[in-house]
Amino acid sequence: MRPHSSPLLIDHLAITLAASIYAKIAPIATKGMIAFCPNNSEVHIYKLSEDKWEKVHVLQKHDQIVSGIDWSYRSNKIVTVSHDRNSYVWNQEATGWVPTLVILRLNRAALCVQWSPKENKFAVGSGAKTVCICYYEQENNWWVSKLIRKRHDSSVTSIAWHPNNVLLATTSTDGKCRVFSTFIKGVDAKDSAMGNSADTKFGEQIVQLDLCFCWAFGVRWSPSGNTLAYVGHNSMIYFVDEVGPSAAAQSVAIRDLPLRDVLFLSERMVVGVGFDCNPMVFVADESGLWSFLRFLDERKSASSSAKYGSQFSEAFGKFYGQSKFSASNNVEQSRGAHDNCINCILPLAKQRKSSVTRFTTSGLDGKIVTWDLQKQEDLLDYL
């Protein structure tokens, strides 16, 4: 039995890889709702009703493709960013979802967005080599953005908030992962849980990790904030403990296609998703050494000779102007929950205080799939 539910198919998603690579999802498990961008300037909100997904809202305000969505769990606000260089915070009222414009002051596209753990600010990564930290000013009744400049050498592809609400990790196409302080006086309160983070200035770089010599993509903190994981386009995943001057790093090489995003299910388990269209499970042993465990999805097997023969024949068919060579029609292809690159993974529910047992993935195949690990007995020991 497969460990996932029936996928939600998204119409008109993923016409070309370049145009749809930033399509994101933003699930809210407690309300049975999910928001996603179908590769255009809109955000669609669906609600689960009697085991059937129904469209309930369409958010229309951006002029270009929406590249990032995040839905706050406690305050019930949706933040969106787009290639039009703008951001909107959506509040649900009796008349529907009402947008509030956030001026980002960017000269390139906004690529990703995420609420902070306390939901009193959010971060936006952009193609302008800049990160915007946005917060609400009660006195003036508007959203203000402060920029972290002159640190990145290329586009910011992913961002992740530390549990202390101050530290922010970023990855970039310059191949580096960086950690910054986002402490804002009057917004963040100093407490012992932040440690030295509250003593650093806004925008100060805590550490720069030069482990990846290619594009770096998804990044995520562990539930405790002691471990940082990020992935690169070289089919590597990196784990960094005790982020700071004396950080200890591990790298795990995989023989498969590169990953695009990662998610900590617990302190000892990470799921990575990417171009293999199949979630990959990584676990840490008692000594803290990380390794690849297995693929999460079940797939039909086909003989390697038939598989490579099919690819070879299909390539010649395309070369001669045919859609598919006849010799490949008799070959059983391997199919799983996703048929194209998975570009986003987000948690849905927690079993214990810091363990995620259900999560959702979205891909360029136009599917959103929910995964449940309750029946995966070999994985429960790591949760």
Side-chain angles (χ1 to χ4, degrees), residues 3 24-27 29 70 73 112 114-118 123 157-171 177 179 193 207 209 211-212 216-232 236-244 247-252 254 258-274 278-296 342-362 369-374 376 378-383:
K24 293 292 184 179
I25 53 175
D70 199 17
Y73 287 85
C112 51
Q114 190 178 84
W115 286 102
S116 66
K118 293 183 179 180
T157 55
S158 184
I159 52 181
W161 286 96
H162 190 277
N164 67 8
N165 206 72
V166 172
L167 296 181
L168 181 74
T170 68
T171 52
C177 177
V179 177
V207 66
L209 302 170
L211 304 176
C212 181
F217 290 120
V219 60
R220 201 69 64 99
W221 294 91
S222 66
S224 66
N226 294 329
T227 305
L228 179 70
Y230 71 100
V231 296
M236 299 275 284
I237 180 170
Y238 304 94
F239 298 93
V240 184
D241 296 322
E242 304 297 334
V243 174
Q250 300 179 42
S251 60
V252 178
I254 56 178
L259 299 173
R260 282 298 313 272
D261 203 1
V262 289
L263 174 67
F264 273 91
L265 302 187
S266 68
E267 291 291 331
R268 298 178 54 205
M269 184 188 299
V270 167
V271 174
V273 295
N278 195 344
M280 304 177 68
V281 181
F282 299 87
V283 296
D285 58 20
E286 298 296 336
S287 63
L289 185 63
W290 289 89
S291 61
F292 169 70
L293 182 63
R294 67 175 176 89
F295 284 100
L296 189 59
I342 306 173
N343 61 355
C344 185
I345 177 172
L346 289 172
L348 276 178
K350 293 184 179 181
Q351 181 183 31
R352 305 184 185 99
K353 185 177 180 180
S354 58
S355 298
V356 177
T357 57
R358 297 180 67 237
F359 59 91
T360 183
T361 58
S362 67
V369 181
T370 299
W371 305 78
D372 193 351
L373 301 184
Q374 293 289 351
Q376 305 296 306
D378 61 324
L379 301 180
L380 295 179
D381 294 337
Y382 297 96
L383 292 176

Testing the basics here: between [X] and [Y], what is the closest heavy-atom pair and its distance to 0.1 Å?
{"X": "A123", "Y": "W161", "result": "CB-CZ2, 3.7 Å"}
{"X": "D70", "Y": "W115", "result": "OD2-N, 2.6 Å"}
{"X": "Q374", "Y": "L380", "result": "O-CD1, 3.7 Å"}
{"X": "V207", "Y": "V243", "result": "CG1-CG1, 3.4 Å"}
{"X": "G232", "Y": "Y238", "result": "N-CE1, 4.5 Å"}

- Check the pair T360 / W371 against side-chain hydrogen bond (donor to acceptor under 3.5 Å, both in side chains), numbers first and verdict last. CA-CA 6 Å; T360 183; W371 305 78; over 6 Å; no
Output the distance between atom [atom1] ([X]) and atom [atom2] ([Y]), rounded to the nearest 0.5 Å.
{"X": "L379", "Y": "S266", "atom1": "CG", "atom2": "OG", "result": "10.0 Å"}
{"X": "F292", "Y": "I254", "atom1": "CZ", "atom2": "CD1", "result": "7.5 Å"}
{"X": "F359", "Y": "T370", "atom1": "CZ", "atom2": "OG1", "result": "9.5 Å"}
{"X": "F282", "Y": "L265", "atom1": "CZ", "atom2": "CG", "result": "12.0 Å"}
{"X": "R294", "Y": "Q376", "atom1": "CZ", "atom2": "CD", "result": "5.0 Å"}
{"X": "Y230", "Y": "F217", "atom1": "OH", "atom2": "CZ", "result": "13.0 Å"}

key: Any residue meeting side chain to side chain contact (heavy atoms under 4.5 Å, CB included) with S158, in chain and number order, not counting sequence neighbours   =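 Testing S158 for side chain to side chain contact (heavy atoms under 4.5 Å, CB included), a comparison that skips the adjacent residues, returns T171, V219.
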Item checked: Contacts of P258 that satisfy side chain to side chain contact (heavy atoms under 4.5 Å, CB included) - sequence neighbours left out ->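 Listed in chain order: H233, S235, F275.
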- Determine whether the aromatic ring centres of F239 and W290 lie less than 6.0 Å apart.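 F239 vs W290: aromatic centres under 6.0 Å.
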| task | Kindly confirm or rule out a cation-pi arrangement of R268 over Y382, judged by NZ or CZ under 6.0 Å from the six-membered ring centre and within 45° of its axis? | result |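 Cation-pi check for R268 and Y382: fails.
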- Picking from V166, T170, N165, what satisfies side chain to side chain contact (heavy atoms under 4.5 Å, CB included) with L168?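 That would be T170; it is the only one of V166, T170, N165 passing the side chain to side chain contact (heavy atoms under 4.5 Å, CB included) with L168.
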Fill in: Flag for T227-E267: side-chain donor and acceptor within less than 3.5 Å
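Distance-only check fails for E267 and T227.
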Stepwise side-chain contact (heavy atoms from CB on, under 4.5 Å) check, D261 with V231:
CA-CA 7 Å; D261 203 1; V231 296; over 6 Å; no
